[in-house]
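Notes follow once the structure below has been shown.
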Amino acid sequence: IPKYELVEASVVGEKKNVGLVRLNRPKALNALCDALVSDLAQAVTLLEKSPSIGAIVITGSEKAFAAGADIKEMKDTSFASNVNVGLLQEWDKISACKKPIIAAVNGYALGGGCELAMMCDIIYAGDKARFGQPEVTIGTIPGAGGTQRIARSCGKSKAMEICLSGNPFTAEEAERMGLVSKIFPADKLVDEAVKLAEKIASHSPLIIALCKESVKKAFETSLNEGLSFEKRIFHATFSTNDQKEGMQAFVEKRAPKFTNS
Ligand code: CO8
């Protein structure tokens, strides 16, 4: 794995099947400047393409997952330059990744930091994490999915309260509203996220990619459309070697050996 300037990427887990990407711009609390997002997107793309990697964990430091988009970098840009340069384009690579991504959030996850966590598939939080969408306090609105993803995962009232007030909220509140799936002591968080990633990576990557695609569909379509999409994908899994192997192994009371085919 190459060295990046603003993220540290490594391969972890007992079977070396988990990619760990750590945002590493401590002086600015991991504010998401273009260079950092570009490094992050490159690292995630590389791990997505690596056949041995089954899941990815994105984390920051104990003080900050990410304190938002870089306010100093964007404050003097214009509407025209934002449109022309395509501000935010690189971010889409995270949400387009076919492999599961777990955000392990310690400390601040504000603005674009909270949005980055929500682009991931699962959010685990440290007990002192602080989430929020403070954009309205600096004269703008969430621009990387905050208004849309909070509304979809927590409903209208919570989304409005969070986005319109700009007030931060705790890990407990985030868990209660369904944004976060589990909370751990800050120093155990990354290990727990890696453990979950290892569990995911122990399954067939092919089947996991199909399963992820199917859950994502729930946020894009009506229930009936989603159910029929799911059913077709379910049917399609029966054309794979890994379905045959998985069910055969169950019958023979042994562990399956998946071949990603
Ligand atoms: N951008 C740039 N620099 C930042 C940011 C940021 N978002 N957050 C912190 N920093 C810098 C500070 O300027 C400071 O630098 P310096 O030492 O050079 O002055 C350093 O990080 C440490 O920060 P503080 O001294 O402020 O640390 P505190 O512990 O006192 O406070 C806070 C921590 C509460 C997190 C505070 O830093 C803060 O409020 N940060 C800004 C949070 C925020 O408003 N985030 C939202 C940004 S807007 C956004 O994300 C829009 C998303 C839309 C998509 C993005 C497209 C590009």
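Both counts, for ligands and for their atoms, begin at 1 and track the order of listing.
- Ion pairing between Arg176 and Glu173 fails under the 4.0 Å rule for side-chain N and carboxylate O.
- Note: no N/O pair closer than 3.5 Å links Gly143 and ligand 1 by distance alone.
- Considering backbone and side-chain N/O of Gly111, none are found under 3.5 Å from N/O of ligand 1.
- For atom 1 (N) of ligand 1, the candidate residues are Asn30, Ile71, Val136; the nearest heavy-atom contact is made by Ile71.
- Counting the atoms of ligand 1 from 1 in the order shown, those under 4.0 Å from a heavy atom of Gly112 are 49 (C), 50 (O), 52 (C).
- The side chain of Ala31, and not its backbone, has at least one atom closer than 4.0 Å to an atom of ligand 1 (non-hydrogen atoms only; side chain from C-beta on).
- In the hydrophobic clustering of this structure, Val11 groups with Val7; members are Ile, Leu, Val, Met, Phe, Trp, Tyr whose side-chain heavy atoms approach within less than 4.5 Å, directly or through other members.
- The heavy atom nearest to atom 15 (O) of ligand 1, considering only Met74, Glu90, Lys72, is found in Lys72.
- Counting heavy atoms only, Ala67 comes closest to atom 40 (N) of ligand 1 of the residues Pro142, Gly132, Ala67, Gly139.
- Centroid-to-centroid, the aromatic rings of Phe184 and Tyr124 come within less than 6.0 Å.
- Salt-bridge annotation for Arg25 and Asp70: present, with a side-chain N of the basic residue lying under 4.0 Å from a carboxylate O of the acidic one.
- The two residues Lys216 and Ser95 come nearest to each other via the heavy atoms NZ-O, 2.7 Å.
- The option from Cys33, Ala28, Ala69 that lies nearest to atom 6 (C) of ligand 1, judged by heavy atoms, is Ala69.
- Both tests pass for Lys217 against the ring of Phe229: distance under 6.0 Å to the centre and angle within 45° of the axis.
- Of the heavy atoms in Leu32, none comes closer than 4.0 Å to ligand 1.
- On a distance-only criterion, Leu110 and ligand 1 share no N/O pair closer than 3.5 Å.
- Nearest approach of Ala104 to Thr59, heavy atoms of both residues: O-OG1, 2.8 Å.
- Look at Glu245 and Arg254 and you find a salt bridge, because one of the NZ, NE, NH1 or NH2 atoms lies within 4.0 Å of a carboxylate O, short of that distance.
- No N or O atom of Glu115 sits closer than 3.5 Å to an N or O atom of ligand 1.
- Between atom 20 (C) of ligand 1 and the options Arg130, Lys63, Lys27, the minimum heavy-atom separation is to Lys27.
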